[in-house]
Number of protein chains: 2
Amino acid sequence: MKSLPPLNALKVFESAARHLSFTKAADELHVTPGAVSQQIKALEDYIGSRLFRRTKRALLLTDAAQASLPILREAFDKLEEASRILMARGDSRRITVSVAPSLAAKWLVPRLDRFHERCPEVEVWVSADMEVVDFAVDDIDLAIRYGAGRYAGLEVELLMEESILPVCSPRLLQGDHPIRTPHDLAHHPLLHDGSPDQEDMASTNWAMWLKAAGVSDIDGKRGAKFNQSSLVIEAAVAGKGVALAKSAIALADLEAGRLVAPFDLTTPSNFSYYLVHPASKSRNAAVKAFKKWLHEEAAATGAAGLPRQPAQEAAQ
Amino acid sequence: MKSLPPLNALKVFESAARHLSFTKAADELHVTPGAVSQQIKALEDYIGSRLFRRTKRALLLTDAAQASLPILREAFDKLEEASRILMARGDSRRITVSVAPSLAAKWLVPRLDRFHERCPEVEVWVSADMEVVDFAVDDIDLAIRYGAGRYAGLEVELLMEESILPVCSPRLLQGDHPIRTPHDLAHHPLLHDGSPDQEDMASTNWAMWLKAAGVSDIDGKRGAKFNQSSLVIEAAVAGKGVALAKSAIALADLEAGRLVAPFDLTTPSNFSYYLVHPASKSRNAAVKAFKKWLHEEAAATGAAGLPRQPAQEAAQ
DNA sequence: CGTAGGCGTTAGAAAATCTTACACGAACTC
DNA sequence: GAGTTCGTGTAAGATTTTCTAACGCCTACG
């Protein structure tokens with residue numbers, strides 16, 4: 001019987017015993033209280049006696065549990081120490097993320113310090129690539145890609161969906177030709193997003209947008225064209241015209257008031273942002289932490305930015 | 001990132017590093033080498049670097065792995081110590097097993113010391129009960145029951161199958177009326193197993209056995225009857241006649257030469273021996289160890305005892 | 001060379017773990 | 001003191017992890 005009890009149950013027990021609360025332990029371990037309860041029960045069954053005395057008002061440790069707790073703590077401290085040693089040498093303290101340049105500039109980089117706050121020991125290298133990278137060649141840990149989600153041989157998960165909306169500088173709303181309906185666009189230059197990933201799907205194509213909006217007297221090809229989404233945004237911020245923008249890219253400038261959305265209208269894009277990486281990276285501690293953070297940021301972006309369009313409300 | 005690496009992977013790594021061999025670690029942990037390989041790979045992915053240098057001839061630890069090893073060892077030592085404390089108070093050092101009296105006397109008790117050799121710290125209490133016990137009432141951890149395997153609300157697993165064969169003292173073969181064919185039974189008393197679990201299934205019913213053997217001139221009801229299988233065996237050993245015996249009960253006496261099987265014939269019983277216990281006991285360390293041992297003994301019994309009938313060979 | 005032993009990989013099976021959903025009791029509120 | 005909230009306990013089902021089985025590959029050794 002030299003076999004150890006289930007190790008995860010011990011970890012759960014250590015946490016629950018430290019907090020004297022299943023719920024707090026559940027928070028700490030990022031699981032539900034029910035999971036904690038079951039782990040504790042499993043351990044109690046294994047050792048054949050109870051670990052906690054469940055009194056009316058509080059949770060108390062049994063003598064055996066009490067006695068074992070300091071030793072358990074030491075054990076987990078040692079495990080942590082050992083794990084630090086293992087991680088120190090590995091590259092799990094630095095990850096390289098390949099991102100489309102516009103998303104990097106307008107979405108990722110501005111919030112990167114929040115990740116650094118959470119995980120100071122992980123260093124993030126941002127590689128802004130136009131093309132999809134070859135993981136085998138370029139030593140990339142993780143890529144954020146805008147597309148249809150088809151990346152053969154790699155693990156893919158949806159990060160966030162994208163939608164398209166016309167944006168311009170707030171100054172354009174106050175000039176001689178305020179923009180109220182799509183027809184008013186006739187008096188302003190159109191700014192075109194010619195980034196390569198748009199070529200076939202045409203979500204950010206002014207001609208199609210105008211047609212869908214029922215406007216036939218405006219030439220959809222008129223105006224300047226840029227090969228990166230962020231440049232279109234910069235042009236719009238500079239008051240050069242009206243851009244058909246990806247919301248994630250425009251979001252920061254909308255929130256800062258440098259851009260406004262003249263119409264209460266967003267159309268979903270056929271493409272979305274996906275996290276892509278080789279299967280083996282999915283177990284990497286740093287990659288895991290970074291992905292988790294990205295998902296949280298994306299959820300926050302979606303909740304705050306897309307559905308409610310706060311900047312647009314402010315402008316009207 | 002205060003989260004620990006997968007704990008089981010660490011355990012596997014510790015073992016593999018200590019042995020410098022995946023295969024030996026696999027043996028120690030009672031898993032296949034493939035499982036070890038995968039756990040190590042998972043840990044390597046997690047920390048982002050290799051743990052072993054795979055050279056042509058040998059497995060070598062990387063520096064980081066080397067450095068972490070002593071600390072890991074300490075950690076697992078502490079875990080073991082903590083687990084000992086937890087187990088010491090619990091009743092996981094004593095288990096109570098309810099067994100049918102005959103199987104207890106003729107099968108379980110004779111080999112119990114082998115379990116004690118393996119797990120000296122576990123004390124086994126044998127409760128020989130005629131009836132199926134109520135786990136809730138009688139504080140039984142585990143029951144071995146002879147039956148059809150239907151025990152509602154409990155976890156059941158097959159321990160071993162039973163078969164039936166006629167047995168008698170070797171002296172009966174050498175007397176005035178040696179037993180060579182079923183017809184020779186006419187000159188000997190029949191010994192009947194009247195244990196309660198036989199009542200409806202009648203596997204050890206002489207009348208049916210004789211009928212199946214094509215013998216019609218012998219009264220199948222003739223002879224003494226006992227309410228426990230082991231008593232039938234004792235009577236047979238004492239030369240009181242020929243018993244229709246359960247092989248597991250007769251096995252020890254057959255192997256010792258105190259009994260022989262006059263015919264090269266065993267018939268399967270409708271009933272088998274089952275391990276029965278409440279679901280919660282299945283996690284108990286001592287119960288788990290005892291069950292594992294029982295299965296091994298049962299497998300050995302089956303291989304050595306039933307198919308080859310060694311005692312019978314010896315007698316002929 | 002052929003065979004044996006050990007590592008590595010895969011797909012699929014098995015087991016563990018978690019979540020969801022709900023029950024229950026105690027403490028807290030109004 | 002009835003309704004709410006908070007925390008534990010349980011069951012069923014889904015998910016994830018882990019294992020086995022069955023290979024391929026390489027090295028060493030006869």
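Labels below follow one simple rule: chain letters A, B, ... track the order of the sequence lines, proteins then strands, and each chain is numbered from 1. Atoms considered below: every heavy atom in the structure, side chains included; atoms not considered: hydrogens, waters and symmetry mates.
Of the side-chain N and O atoms in A/Thr32, one or more sit less than 4.0 angstrom from OP1 or OP2 of C/dT19.
Closest to the B/Gln39 side chain, of the nucleotides C/dT17, C/dC18, D/dC19, is D/dC19. Nearest to the side-chain atoms of B/Ala35 among the listed nucleotides D/dG7, D/dT20, C/dC7 stands D/dT20. The side chain of A/Pro33 lies closest to D/dT8 when the candidates are C/dC7, C/dT9, D/dT8. Distance from the side chain of B/Val31 is smallest to D/dT20 among D/dT20, C/dG8, C/dT19.
For the pair A/Leu29 CG and C/dT17 C1', the interatomic distance rounds to 13 Å; values are reported in whole Å. When rounded to the nearest whole Å, the span between CG of A/Leu20 and C1' of D/dT8 equals 14 Å. Between the CG atom of A/Leu43 and the C1' atom of C/dA16 there is a distance of 15 Å, given to the nearest Å. For the pair A/Asn8 CG and D/dT15 P, the interatomic distance rounds to 21 Å; values are reported in whole Å. Following rounding to the nearest Å, B/Lys41 (NZ) and D/dT17 (C1') show an atom-to-atom distance of 15 Å. The nearest whole Å value for the distance from the CD atom in B/Gln38 to the P atom in C/dT10 is 10 Å. Nucleotide D/dG7 holds its C1' atom 10 Å from the NZ atom of A/Lys24, rounded to whole Å. Spacing between atom NZ of B/Lys288 and atom P of C/dA15 amounts to 12 Å, rounded to whole angstrom units.
Ring geometry for A/Phe52 against A/Phe13 counts as perpendicular: the plane angle is over 60°, on a 0 to 90° scale with 30° as the lower cut. Using cut-offs of 30° and 60° for the angle between ring planes, the B/Phe115 and B/Phe290 rings count as perpendicular.
Sorted by first then second residue, the ring-ring contact (aromatic ring centres under 6.0 Å, His included) pairs that include residues 53-80 of chain B, not counting sequence neighbours, number zero.
Base contact: B/Ser37 has a heavy atom under 4.0 Å from a base atom. Counting non-hydrogen atoms under 4.0 angstrom, B/Thr23 reaches the backbone sugars and phosphates but no base.
Residues A/Ser21 and B/Ala42 each lie close to DNA chain D; by heavy-atom proximity, the contact nearer the 5' end of the strand is made by A/Ser21.
Between the B/Glu162 side chain and the B/Ala248 main chain, a donor and an acceptor come within less than 3.5 Å of each other. Side chain of B/Asn284 to backbone of A/Asp45: a donor-acceptor contact under 3.5 angstrom is found.
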